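Bear in mind that the values here come from a model prediction, so they are computed numbers and not experimental data. Proteins get letters first, then strands, A, B, ... in listed order; numbering begins at 1 in each.
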Amino acid sequence: MAVRVQAEDFDVGRETALLRHGNPRIGAIASFIGVVRDLNDGDSVAEMTLEHYPGMTEKSIEDIITQARGRWQVMDALVIHRIGTLKPLDQIVLVVVGSAHRGDAFAACEFIMDYLKTRAPFWKKEQTGSGARWVDARAADDAAADRWRTKA
Amino acid sequence: MAVRVQAEDFDVGRETALLRHGNPRIGAIASFIGVVRDLNDGDSVAEMTLEHYPGMTEKSIEDIITQARGRWQVMDALVIHRIGTLKPLDQIVLVVVGSAHRGDAFAACEFIMDYLKTRAPFWKKEQTGSGARWVDARAADDAAADRWRTKA
Amino acid sequence: MANTITLLYFARLRETFGKASEMIALPADVATLEGVRATLAARGGAWAHELAAGRAFRAAVNQDIAGADTHVKDGDEVAFFPPVTGG
Amino acid sequence: MANTITLLYFARLRETFGKASEMIALPADVATLEGVRATLAARGGAWAHELAAGRAFRAAVNQDIAGADTHVKDGDEVAFFPPVTGG
């Protein structure tokens, strides 16, 4: 299990190979990459800055992974979240989950992403043609995270 | 959209970069890698051979992708399935789906995988300590594919 | 002039039948996949066993998964195979 | 000897309040997160506006998401921030 909050970019191929290398029993790897889009709420975005709460960020993501391991059979999981200034097409976040079976890998990966969006202390500030603005939390993200609660 | 049936291995990092390169509006990429495990139904597996139905394989996977595009917002999708002789830890299958939002990317990727397991004409023959055997279709895979039917 | 179809067998069925493909003349009274199955099962032995009506085989006509009622005509490609196990 | 806590502000709240952190003496009658919120809101201006009871801010005590009833004591780290928007 690893959580990294970093300014540097990441390579999904390299990270997947490292995760698999550590556990030859993994038969299924689900992964997710989030990318900065050049359009948000109708405005074109020139760049964005990601702020976070050092310490709490890592702790909250580790909590999320622990919850996922309690619900599904997870052999290994990796979360990388970037901070600092990012441009459209830059990668923001990577979640990789290795399991024996694909159902567990998919469910745990999506669960971690939904909680990352709603619980981990990151904030985005966008530079658009009409100035800088903090991105508002989306109701759709809260709904996605709430989904999992009904299965508890 | 691309479907490849090949003996050669694949590189998830490279394939993801190529898929993203073709569409700058993609904000979410969900992917899945299936790996040969060294244990199946209690027997250790030395190697396996994947046979397929040339022509129908590509056609059925293209059908599956078209169905996924009809249900979710999918900007691009790639399926690579290997054939021939594979050993434990070898990669078997890669599915990558790019979308604007993560919910669509996850759902379409898992849908394609579930259908690949139950509809695409591939057959596995394993070499184990007790001889060669054809792998039986799993009831769990049929159940996973049936799941989607209730949402139609 | 007899109608002919191409038959393909895969995986365990290919091994059991000892062949990957053959062309056969379609009997005059056969127009469905069920008719093709019954024609092959009438050969007896492994054919009768593997293609018995209750067995868990699958079939495709012209590369689409097909059911007992699927129409079969001159020139069609008909395949029989075990349930698939890819991915 | 007054109890002190560390306050942290993030994102829009950090900008609006014009500071990222401060240490304050915890009033003798304050033992919960709600008490801390009310103490800050009593400063008026942006503090009263942003930390009004109905506003969509979030808070953490010692780096765990916290609610109004969460106990706050000497030496704690208390953070206020907008709803998160990572991922």
Side chain, backbone, both or neither of A/S31 within contact of chain B (heavy atoms, under 4.5 Å):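 Contact with chain B: backbone and side chain both.
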Proximity breakdown for A/A17 and chain B, heavy-atom pairs closer than 4.5 Å: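 Neither part; nothing is under 4.5 Å.
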Between CG on residue B/D11 and CG on residue A/D11, distance to nearest 0.5 Å: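 Separation between the atoms: 7.5 Å.
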Contact check, side chains of A/K117 and B/R102, non-hydrogen atoms, under 4.5 Å: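 They are in side-chain contact.
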Any idea which heavy atoms bring [X] and [Y] closest together, and the distance?
| X | Y | answer |
| --- | --- | --- |
| A/R37 | B/R25 | CD-O, 3.8 Å |
| A/V35 | B/I29 | CG2-CD1, 3.6 Å |
| B/R20 | A/D90 | NH2-N, 4.4 Å |

Partner chain B: residue of A/R14, A/M113, A/Q91 with the largest heavy-atom pair count (under 4.5 Å):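 Option with the greatest count: A/M113.
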Results of side-chain hydrogen bond (donor to acceptor under 3.5 Å, both in side chains) for A/E58 - residues two or more places apart only: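 side-chain hydrogen bond (donor to acceptor under 3.5 Å, both in side chains) check on A/E58 returns nothing, list empty.
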Proximity of B/F32 and A/F106 rings by center, below 6.0 Å: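 B/F32 vs A/F106: aromatic centres under 6.0 Å.
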Residues forming a salt bridge (charged side-chain N to carboxylate O under 4.0 Å, His left out) with A/K59, sequence neighbours excluded: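 A/K59 satisfies salt bridge (charged side-chain N to carboxylate O under 4.0 Å, His left out) with D/D64 once adjacent residues are dropped.
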Under 4.5 Å from a heavy atom of chain A, the part of B/I92 involved: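 For B/I92, no heavy atom lies under 4.5 Å from chain A.
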